[in-house]
Amino acid sequence: MRKHFLTAALVISALFVFAQGGDRFFPASQLTTVGAYYYPEHWDSSQWERDIKKMADMGFEFTHFAEFAWAQLEPEEGRYDFAWLDKAVALAAKYNLGVVMCTSTATPPVWLTRKHPEILMKNEDGTLYDHGARQHASFSSNYYRSYSLKMVEELARRYGQDDRIIGWQLDNEPRTFHDYGDDAHQRFRVWLEEKYKTVDALNKAWGTSFWSSVYSSFDQINIPRPSQWGTNYHQRLDHNRFADEETSSFLDEQARVIRKYASPAQWITSNYIPMYDVGYIGQSLELDFVSYTRYMVYGGDRGIGRKGYRVGEYTRIGMANDFFRPLKGYYGVMELQPGQVNWGSVNSQPLPGAVRLWLWHVFAGGSKFTCTYRFRAPIYGYEQYHYGIVGPDGVTPTPGGLEFSMFIREIGQLRNNYDPEARNPAAYEKRKTAILFDAGNVMAINMNPQTREWNTEGHFLKYYRALKSFGAPVDFVRDTVRFEQYPVLIVPALQQISLPMVDKLMAYVNGGGNLVMTVRSGHQDPRGHFWEAPFAAPIRELTGSDIEFYDLLPSHSPDSVVYNKRKYGWTSWGEILKPHSGTETWATFSGDFYAGKAAVTYHRLGKGTVTYVGVDSRSGDLEREILLKLFSKVGIPVENYPHGVIVEYRDGFGIALNYADKSFTMELPASARILSGTKEINPGGVLVWKE
Ligand code: GAL
């Protein structure tokens, strides 16, 4: 009996291990799968079959329903109508399309809003949001939370055991809104009481002796108003954390309700906008994985060269891939721009080929699927002028639609070449680098930047870009991972640090890790207080140097640091370092009263090394040079790709992407077999091969 039990347990755990990394939902041999959003409620039902057949004919393998359809699903309180959705699901199945089912909590119906106006979000100035747009209900409204779960439950009861439904999307692009409604105030107070237990502890953490802000009970505390000058920084930090948790806990509640009914084959996710100063992404632990949405051409980024805006900035996809994947080990992309959008500041046409380039980039990051918003271009409503896979006539594929089809065909070919034994090149894997990421820390810095020259995401990207030019795979990691799996760990601007974290970094370095720490790190404890000690005292043994002082320069008067006889300009943040004995100085400040003092230091510690970069250069070239020196010192060979050329490997396939404005010729080993493209890759082009 016991033997059988053990065998069964072994089989189950082996299956579990086998099913890691998303294979449970997405068979590895399928590589990736492509879908498109469809809104049956927007079109005459006589057109549904034509549209769904067209989607299947264009190669799509799944679709996405009911995202904003609460008004159609529950036309009046407690009366549910699934007949129309049943019909759409049946049509999808007829044409072999899987269905992602969505909870429409981003769009409550008007009868609910009118009967319960307290569900509406209240602005800081007291004005209320209203019906007629979307995302106007507050996740902090007790009634909204409980009532919407009823609708979610009905949906799950209906479709949870339906094998035509492949997975669930919760809400749409959930994010944190700052609601000033009564429930929000009340829930914030409860959250604070749970966190601090006593109001004394809160007073200490918030430093309320400053400016006479002392509280004597939790009831006196309100949600802070950032527009009021000088609002308590610690209170705002806590309020942001609270608001993030309102978002993540609401998604968790939805997921728990769905799980009561859903078959284990159905996955649950949500589609986040990649934002790096919010805590809720990755915080809903009930989700199987996280997916993201991405739009590249919208008037916001210049890209590379005069026409680079038609392709967009490559790090927008690259960083999102490398940020979302490590959260659960795999990820998907729920929305990828199909063509021109309507909401940007300048809604240009993407470069012909750009949509396919982005699809390949998402694939190169390891994505299990890519879906697009949306199949048919809308002909009315807020998103007029937005492209779809087919145009406003409902039948003619757009250029982006054709690029989706082309990519789907190419993936079909790749599937034929899939080899479960194939491995990525050892040199590529050896370069794998981690960048430590802590959303609370980013939020805290952004709230208190000290200088308008500082840009936290921009600081991260300087290191990220350097690593991409080396052809290094990158994981953005949380502090819970085992650092030891990465030969190099970059800890950029970790302003708030705990003492256990210092110990963890110390252990990593002592064990042979190569740590790169940068400006602003270690200044505060996790409450956001400075240490009652010399600046950044807890990390000084780790970094091997003290900070004498820091300086910030105005944009019209940059200075430079000298590294290897070359000068690199800076303005945003400089820490004037005093190396301990045995610590090397790699770069020095020049051009001001502290000329000649150390800006970048390096030392060996235990079996490892620590490089401290005490300056944030303007262009990022200095950061690249420092990493180059470090990689060569520790014996990790790197590539030297030009800016905008990205090379990644997955499942043994090599993928080179050209976001630059010049062609690039890729050198391939003699054994390489080209599957798509040519060695000379034009701007916007892609090369795929197998080694
Ligand atoms: C996304 C959103 C979609 C749609 C799209 C338009 O941010 O999730 O619902 O509005 O933008 O580009």
Side-chain angles (χ1 to χ4, degrees), residues 35-43 62-73 100-108 129 132-137 139 167-177 247 250-251 254 269-276 278 280-281 287 290-301 309-310 312-313 316-317 320 324 331-350 354-355 358-359 362 369-392 398-401 403-404:
Y37 286 21
Y38 188 69
Y39 298 91
E41 69 277 17
H42 294 186
W43 311 107
F62 69 94
T63 185
H64 176 279
F65 288 159
E67 192 186 36
F68 300 120
W70 194 344
Q72 290 81 5
L73 287 172
V100 178
M101 191 56 79
C102 305
T103 66
S104 43
T105 45
T107 47
Y129 281 45
R134 67 177 179 192
Q135 291 169 307
H136 44 289
F139 293 171
W168 295 80
Q169 177 193 302
L170 310 180
D171 202 78
N172 167 62
E173 288 187 336
R175 60 196 102 153
T176 290
F177 293 97
T247 303
F250 184 46
L251 296 186
Q254 292 196 26
T269 190
S270 189
N271 62 339
Y272 299 93
I273 302 175
M275 290 203 282
Y276 304 115
V278 296
Y280 56 82
I281 300 178
L287 271 49
V290 283
S291 69
Y292 73 79
T293 63
R294 210 27 134 185
Y295 294 82
M296 297 289 282
V297 174
Y298 61 99
D301 286 305
Y309 63 88
R310 292 204 190 281
E313 159 64 43
R316 281 173 61 79
I317 289 183
F324 278 73
Y331 72 107
V333 172
M334 201 59 99
E335 291 175 28
L336 186 69
Q337 182 170 3
Q340 223 166 357
V341 297
N342 69 300
W343 46 262
S345 53
V346 182
N347 297 304
S348 309
Q349 283 283 344
V355 171
W358 304 329
L359 279 158
V362 164
F369 65 81
T370 307
C371 189
T372 187
Y373 176 89
R374 50 188 273 163
F375 185 68
R376 286 186 66 173
I379 56 175
Y380 54 81
Y382 177 76
E383 286 170 345
Q384 279 183 328
Y385 290 108
H386 198 292
Y387 266 48
I389 294 300
V390 296
T398 56
E403 290 181 28
F404 263 86

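Order of appearance sets the numbers: ligands from 1, and atoms from 1 within every ligand.
- Heavy atoms only, all atoms of each residue included: Glu67 and Cys102 are closest at CA-CB, 3.5 Å.
- Remark: distances from the non-hydrogen atoms of Thr293 to ligand 1 are all 4.0 Å or more.
- Centroid-to-centroid, the aromatic rings of His386 and Tyr373 come within less than 6.0 Å.
- Nearest protein neighbour of atom 5 (C) of ligand 1, counting heavy atoms only, is Tyr295 OH, 3.4 Å.
- For ligand 1, the polar-atom distance check against Arg134 finds a nitrogen or oxygen pair separated by under 3.5 Å.
- Two rings, from Tyr331 and Phe324, have their centers 6.0 Å or more apart.
- Each of the atoms 6 (C), 12 (O) of ligand 1 lies under 4.0 Å from some heavy atom of Trp343.
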Evaluate the criterion side-chain hydrogen bond (donor to acceptor under 3.5 Å, both in side chains) for residue pair Tyr129 and Gln135; output intermediate values, then yes/no.
-> CA-CA 9 Å; Tyr129 281 45; Gln135 291 169 307; over 6 Å; no
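- With sequence neighbours excluded, no residue forms a salt bridge (charged side-chain N to carboxylate O under 4.0 Å, His left out) with Glu383.
- If you look at Glu335 next to ligand 1, the close heavy atoms, those under 4.0 Å, all belong to the side chain.
- Polar contact with ligand 1: absent for Glu67 (N/O pair, distance under 3.5 Å).
- For atom 4 (C) of ligand 1, the closest heavy atom belonging to the protein is Glu383 OE2, 3.3 Å.
- Residue contact check: Phe68 has heavy atoms under 4.0 Å from atoms 9 (O) of ligand 1.
- Looking at every heavy atom in both residues, Gln337 comes nearest to Thr372 through C-OG1, 4.3 Å.
- Contact analysis leaves Arg374 out of contact with ligand 1, as no non-hydrogen atom separation drops below 4.0 angstrom.
- Judged by the 6.0 Å distance and 45° axis criteria, Arg294 is not positioned over the aromatic ring of Trp358.
- Looking at Asn342 against ligand 1, nothing comes within 4.0 Å, counting heavy atoms.
- Side-chain contact annotation: Gln72 with Tyr39, donor-acceptor N/O pair under 3.5 Å absent.
- Ligand-side atoms of ligand 1 in range of His386: 6 (C), 12 (O), range being under 4.0 angstrom from any heavy atom.
- Contact between Tyr382 and ligand 1 is absent, with no heavy atom of the residue lying under 4.0 Å from the ligand.
- At a 3.5 angstrom cut-off on N or O pairs, Glu173 counts as close to ligand 1.
- Residues Ala66 and Leu73 approach most closely at CB-CD1, 4.4 Å, considering heavy atoms.
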